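First the structure, in the form of structure tokens, and then the observations on it.
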Amino acid sequence: MASEVKDKVVAIIAEQAVLDVADVKPEATLESLGIDSLGLVESIFAIEEAFDITVPFNANEPDQNAEFDISTVGSIVAAVESLVAEQKG
Amino acid sequence: MRRVVITGAGTVNALAQDVAGTFEAFREGRCGIGELDIRDVDRLAIKIGGQVRDWDPEAHFNRQQIVLYDRFTQFTLIAAKQALAQSGLNFDGHLGYESGVVLGTAGGGVNTWDDNYRAVYEEGKNRVHPFVVPKLMNNAAASHLSMEFNLRGPSFTVATACASSNHAMGLAFQMIRSGGAKAMVTGGSESMLCFGGIKAWEGLRVMSKDACRPFSANRNGMVQGEGAAVFVFEDYDHARARGAEILAEVAGFAMTSDAADIVMPSKQGAARAIAGALRDAGLNGDQVGYINAHGTGTAANDKTECAAVSDVFGHHADRLMISSTKSMHGHLIGGTGAVELLACIMALKDGIIAPTIGYEEPDPECSLDVVPNEAREAEVSAVLSNAFAFGGLNAVLALKRA
């Protein structure tokens with residue numbers, strides 16, 4: 001289950017960044033992948049649709065979304081995993 | 001070039017359904033934002049807005065009118081009635097041919113779209129009311145206004161998202177100044193507080209779930225409002241000759257385009273519009289005592305706007321007052337500049353500066369005098385009203401005391 005979430009999230013981010021999945025490393029930041037604020041909002045929408053979950057994210061306070069840490073690809077994967085467990089469990 | 005003055009004002013918004021009540025709410029720093037009372041609100045993540053309460057169309061219009069008037073048209077017509085009554089102008093004679101209507105709206109009849117999409121998609125109906133198109137079109141309010149008051153000159157509607165009203169009023173001003181019209185009825189209206197209208201905004205993730213706190217460090221987004229404000233702009237000599245009461249002079253206007261990003265604001269684009277309005281009005285920066293800010297309460301707008309004001313005004317930026325009344329009436333999108341012009345008129349005419357309410361924590365990136373939480377008495381002789389739209393379209397008006 002966990003790796004399935006990771007694969008889907010990485011695929012969504014890779015598509016947004018127009019990169020190969022292999023080039024999206026867990027330690028990468030969205031900024032380093034060239035994803036801007038609109039790209040971020042679009043990625044979150046894609047994640048919500050893919051997992052049928054609600055992601056608590058407000059673009060006005062990107063650093064304060066304690067429930068949804070967007071600092072790296074890895075942190076996003078972890079956040080989605082816990083949301084999926086919470087909302088679909 | 002002709003001078004242009006304002007001789008009438010009217011409004012319907014979340015704070016009050018007239019100008020006097022709106023001024024009183026501004027003075028008291030009252031908040032008109034609250035729980036939304038709309039269909040399917042439980043399916044929305046954002047459940048607050050600056051909604052016009054206790055709106056009763058039957059109290060103002062007959063059945064034949066109501067089937068043609070979307071809520072944004074209803075607000076416009078009532079606001080216009082107040083403005084025309086105050087101005088004392090009658091357009092039945094020759095003046096009607098020399099006068100027109102320019103209004104701003106971003107969405108037009110959004111409630112009509114929403115209701116009828118529901119009918120055909122959700123309820124599976126195969127038939128809609130015959131007047132859906134004339135009811136929802138963006139120019140419906142301008143056209144009904146022209147019919148109601150016999151305004152037969154230049155009339156149209158401007159849609160530039162959150163700058164629509166400022167663009168509309170700026171164009172009305174230019175038309176009179178250039179001699180193309182004697183009087184113009186102008187302003188704007190919006191009524192987007194329905195399920196689809198809010199759901200669309202939710203998607204962008206820039207909305208606050210609890211309050212609009214412009215310039216405050218803990219601000220977390222915008223809150224939508226609804227309503228209208230309508231003004232009578234008139235040739236100064238014409239107004240003077242008939243002894244009309246002059247509320248304020250419209251002295252300058254400038255518009256710029258960022259040509260940069262579809263949602264992110266630009267300091268340079270905003271600063272060029274502000275500086276352009278000053279130049280157009282023949283004002284020095286240090287003559288401006290108050291700015292009605294665009295001040296949406298988003299992270300991006302407020303810091304960009306403060307930086308633009310600092311760039312244009314230099315040291316004087318620390319001496320002028322700048323407030324966002326969106327904290328009280330919400331963001332009326334295409335109608336917002338019109339309602340906000342009321343705060344400019346109040347500043348010039350009554351010497352009272354409307355506050356930015358909900359202000360809780362200073363933000364070093366917004367370190368101007370934002371008139372936090374309480375209205376202030378101050379003599380000002382010139383003011384600006386900022387509007388910076390999605391799509392990078394900026395429109396700034398300059399007003400002077402009559």
Side-chain angles (χ1 to χ4, degrees), chain A residues 5 8-9 11-13 15-18 29-73 75-89, chain B residues 42-48 198-224 258 260-266 294-306 324 326-327 331 358-361 363-366 390-392:
Chain A
V5 170
K8 270 200 207 173
V9 170
I12 287 167
I13 293 171
E15 195 190 345
Q16 192 69 45
V18 201
T29 63
L30 295 184
E31 201 185 352
S32 73
L33 299 173
I35 295 178
D36 64 5
S37 59
L38 272 185
L40 168 60
V41 168
E42 228 188 330
S43 305
I44 289 172
F45 169 68
I47 287 168
E48 288 185 321
E49 288 285 282
F51 298 98
D52 191 21
I53 56 171
T54 299
V55 175
F57 178 81
N58 180 336
N60 290 290
E61 38 192 13
D63 309 325
Q64 290 162 41
N65 290 279
E67 299 160 273
F68 197 76
D69 179 358
I70 55 153
S71 42
T72 63
V73 171
S75 75
I76 293 173
V77 170
V80 174
E81 281 169 352
S82 73
L83 286 173
V84 169
E86 235 170 74
Q87 296 180 19
K88 311 294 284 185
Chain B
D42 52 308
R43 284 178 54 212
L44 291 168
I46 305 299
K47 299 180 199 295
I48 60 166
I198 293 167
K199 187 52 87 180
W201 276 99
E202 267 182 29
L204 210 47
R205 309 225 175 215
V206 295
M207 308 289 285
S208 171
K209 286 181 181 178
D210 45 28
C212 175
R213 301 183 197 85
F215 308 116
S216 193
N218 62 344
R219 66 186 180 276
N220 60 2
M222 52 179 272
V223 175
Q224 275 177 271
D258 298 342
D261 191 282
I262 198 67
V263 291
M264 291 305 282
S266 142
H294 191 55
T296 55
T298 60
N301 174 81
D302 295 3
K303 68 177 180 197
T304 307
E305 183 167 12
C306 287
S324 170
K326 287 188 178 74
S327 54
H331 190 337
Y359 187 83
E360 291 171 354
E361 278 178 46
D363 177 351
E365 290 193 284
C366 303
F390 272 0

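Since the structure is predicted, the reported quantities are computational estimates derived from the model, not experimental observations. By convention in this document, chain letters (A, B, ...) are assigned in the order of the sequence lines, proteins followed by strands, and residues within each chain are numbered from 1.
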Are the side chain of Ser327(B) and the backbone N or O of Ser324(B) linked by a donor-acceptor pair below 3.5 Å? yes
Chain A contacts: which residues in residues 204-212 of chain B have a non-hydrogen atom closer than 4.5 Å to it? Leu204(B), Arg205(B), Val206(B), Met207(B)
Specify which of Ile262(B), Asp261(B), Thr298(B), Val263(B) makes the most heavy-atom pairs with chain A at under 4.5 Å. Thr298(B)
Kindly assign one of parallel, tilted or perpendicular to the pair His331(B) and His294(B), based on the angle between their ring planes and the thresholds 30° and 60°. perpendicular
Please classify the contact between Ser37(A) and chain B as side chain, backbone, both or neither, with a heavy-atom cut-off of under 4.5 Å. side chain
Which portion of Glu42(A) sits near chain B, non-hydrogen atoms under 4.5 angstrom: neither
Decide, yes or no, whether a salt bridge links Arg219(B) with Asp363(B) under the criterion of side-chain N to carboxylate O below 4.0 Å. yes
Evaluate whether atom CD of Glu361(B) has more than 12 neighbouring non-hydrogen atoms of other residues, nucleotides or ligands under 6.0 angstrom away. yes
Does the side chain of Leu83(A) come within less than 4.5 Å of Phe51(A)'s, by heavy atoms? no
Side-chain contact test, heavy atoms from C-beta onward, threshold under 4.5 Å: evaluate it for Trp201(B) versus Met222(B) and give yes or no. yes
Run through Lys88(A), Glu81(A), Gln87(A) and flag the one making a side-chain contact (heavy atoms from CB on, under 4.5 Å) with Val84(A). Lys88(A)
